[in-house]
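Presented below is the structure to which this report refers.
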Amino acid sequence: GAATVESRDNGSNGLTVFTKSAVEVDRQGILLCDGNGLDGVRVEDSSVNLFSIDESTPPNFTSTNNGEAGVRLTKSGIFDTNNIAEVTITDNSGGGVIADNNSIATFRNA
């Protein structure tokens with residue numbers, strides 16, 4: 001079945017992905033980062049990938065109302081979606097997506 005991960009109202013980042021790590025949200029998986037004190041998701045030298053092969057099972061990512069960026073990529077961080085991923089990044093105080101230091105953000109069919 002589908003997994004839901006919620007990271008809300010933390011004093012720091014909602015989700016931190018560091019040092020050659022990977023987070024994959026697949027087949028109706030839901031990742032929600034809301035109301036965190038710093039970034040919704042911070043990715044450094046690592047990756048976050050949203051994918052599904054079946055169009056009827058899109059992954060979902062939401063990053064809203066965070067104190068800094070919705071998604072912050074640094075030091076070759078990667079944020080990648082496939083064609084059917086549902087992505088919402090809104091109302092973050094420090095910007096929606098920040099990619100710095102050789103990082104890559106790819107939003108397909110956005």
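In this text the structure is predicted, and so the values were computed from the model without any measurement. Numbers here simply count residues along the sequence, with the first being 1.
- Put simply, the side chain of Asn13 gets close to the backbone of Asp39: a donor and an acceptor are under 3.5 Å apart.
- Within the 3.5 Å criterion, the main-chain N or O of Asn66 finds a donor-acceptor partner in the side chain of Asn92.
- Residues Leu31 and Val97 share a single hydrophobic cluster, defined by chaining ILVMFWY side chains whose heavy atoms lie under 4.5 Å apart.
- Looking at every heavy atom in both residues, Ser63 comes nearest to Gly40 through OG-CA, 3.6 Å.
- To the nearest 0.5 Å, atom CG of residue Asp91 and atom OG1 of residue Thr64 are 7.0 Å apart.
- Taking every heavy atom of both residues into account, Glu55 and Pro58 meet most closely at O-CD, 3.7 Å.
- No continuous path of ILVMFWY side-chain contacts below 4.5 Å connects Ile78 to Leu50, so the two sit in separate hydrophobic clusters.
- To the nearest 0.5 Å, the span separating CG on Asp26 from OG on Ser52 amounts to 5.5 Å.
- Between the side chain of Ser46 and the backbone N or O of Ala22 there is no donor-acceptor pair closer than 3.5 Å.
- Phe107 and Val43 fall within the same hydrophobic cluster, where Ile, Leu, Val, Met, Phe, Trp and Tyr residues are linked whenever their side-chain heavy atoms come under 4.5 Å apart, directly or through other members.
- For the pairing with Val48, the side-chain contact (heavy atoms from CB on, under 4.5 Å) check across Val71, Asp80, Val17, Thr81 returns one residue only, Val17.
- Using a 4.5 Å heavy-atom cutoff, the side chains of Leu32 and Ser7 are not in contact.
- To the nearest 0.5 Å, atom CG of residue Asp100 and atom OG of residue Ser76 are 10.5 Å apart.
- Between the CZ atom of Phe51 and the OG1 atom of Thr57 there is a distance of 10.0 Å, given to the nearest 0.5 Å.
- In this model, a donor atom of one side chain and an acceptor atom of the other lie less than 3.5 Å apart for Asp54 and Ser56.
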>> For Thr74 and Arg42: C-alpha separation, side-chain torsions, deciding distance, then whether side chain to side chain contact (heavy atoms under 4.5 Å, CB included) applies.
In response: CA-CA 8 Å; Thr74 65; Arg42 182 180 173 103; 4.1 Å; yes

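- With rounding to the nearest 0.5 angstrom, the CD1 atom of Ile98 is 7.5 Å from the CD atom of Glu68.
- Hydrophobic clustering keeps Leu73 apart from Ile104 (ILVMFWY residues linked when any side-chain heavy atoms are closer than 4.5 Å, directly or through intermediates).
- Salt bridge Asp45/Lys75: absent, no basic N to carboxylate O contact under 4.0 Å.
- Here the closest heavy-atom approach between residue Ser93 and residue Gly67 is recorded as CB-O, 3.1 Å.
- Under the 4.5 Å side-chain heavy-atom criterion for Ile, Leu, Val, Met, Phe, Trp and Tyr, Leu38 and Phe18 are members of distinct hydrophobic clusters.
- Judged as a ring-ring contact (aromatic ring centres under 6.0 Å, His included), and not counting sequence neighbours, the contacts of Phe61 are Phe79.
- From Asn36, atom CG reaches atom OG1 of Thr16 across 9.0 Å, with rounding to the nearest 0.5 Å.
- Among all heavy-atom pairs drawn from Val25 and Pro59, the shortest one is O-CB, 3.5 Å.
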